[in-house]
Amino acid sequence: QKEVEQDPGPLSVPEGAIVSLNCTYSNSAFQYFMWYRQYSRKGPELLMYTYSSGNKEDGRFTAQVDKSSKYISLFIRDSQPSDSATYLCAMRGSGYSTLTFGKGTMLLVSP
Amino acid sequence: SQTIHQWPATLVQPVGSPLSLECTVEGTSNPNLYWYRQAAGRGLQLLFYSVGIGQISSEVPQNLSASRPQDRQFILSSKKLLLSDSGFYLCAWSARGRMSSYEQYFGPGTRLTVT
């Protein structure tokens, strides 16, 4: 079993839709969770950062962590064509030096 | 504000040739530095990370090496490139010490094609 699982997609939605992107993980030591957005041929850009369980909202983006289920989500409201990108989840535990990444989900938002 | 630079942006090199990719960070001191490779369909692979000058940890044994000659400079090298070294190379930094953070910030990347 891989440490972090993420559906590669592509996930195609119409403009204005609510998008749900998800990752599951196996290491119960993970406590810090991040979502990155990567446009084609660009470096990943940090979108959201959460610690432990709960929700965090930033504009149209909401990050959700359920540690009991080892499941994290990123919701995008009122999706725009400019949201079309690959979304990577990442996580680490306290005392770890490095992040563990999912392989990314490609999102396509059509006008 | 902090900025991370990588160069060159793209590179085409023949098999067996040497490689040197450079990464520099501005606007912070004493950062943790990371080198990743991203190959199509394979996600981000951590190659090396450094917590200080001259301190390098290797995650994957291969024909690549890394050096950190200055606090905010990280170099990825190879003496002889292989076809399998082709990919998108990303440098990242995270804050350490008093401003320690877990999140990493990435540079624009170098696209390497080995022919």
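Note on naming: letters A, B, ... go to the chains in the order of the sequence lines (proteins, then strands), and numbering restarts at 1 for each one. In what follows, every heavy atom counts, from backbone to side chain, and hydrogens, waters and symmetry copies are set aside. These numbers were taken from a predicted model, which means no experiment stands behind them.
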Margin query: Counting heavy-atom pairs closer than 4.5 Å to chain B, which one of A/A90, A/G102, A/P44, A/G104 comes out on top?
Written below: A/P44
Check: For A/R41, does the CZ atom sit with more than 12 other heavy atoms under 6.0 Å from it, leaving out its own atoms?
Finding: no
Next item on the list: Against chain B, label A/Q6 side chain, backbone, both or neither, depending on which of its atoms sit under 4.5 Å from a heavy atom there.
Entry: neither
Note to self: Taking the six-membered ring for Trp, are A/Y51 and A/F33 closer than 6.0 Å centroid to centroid?
What the structure shows: no
Check: So, do A/F101 and A/Y36 have ring centers that fall under 6.0 Å from each other?
Finding: yes
Note to self: Hydrogens and angles aside, do A/T86 and A/R37 bring a side-chain donor and acceptor to less than 3.5 Å of each other?
What the structure shows: no
Next item on the list: Using non-hydrogen atoms and a 4.5 Å limit, figure out which bit of A/P8 sits close to chain B: side chain, backbone, both or neither.
Entry: neither
Check: Considering only heavy atoms, which portion of B/Q6 lies under 4.5 Å from any heavy atom of chain A: side chain, backbone, both, or neither?
Finding: neither
Item checked: N/O donor-acceptor pair under 3.5 Å between A/Y39 side chain and A/S82 backbone -> yes
Next item on the list: Measure A/L46 against the heavy atoms of chain B and call it side chain, backbone, both or neither at under 4.5 Å.
Entry: side chain
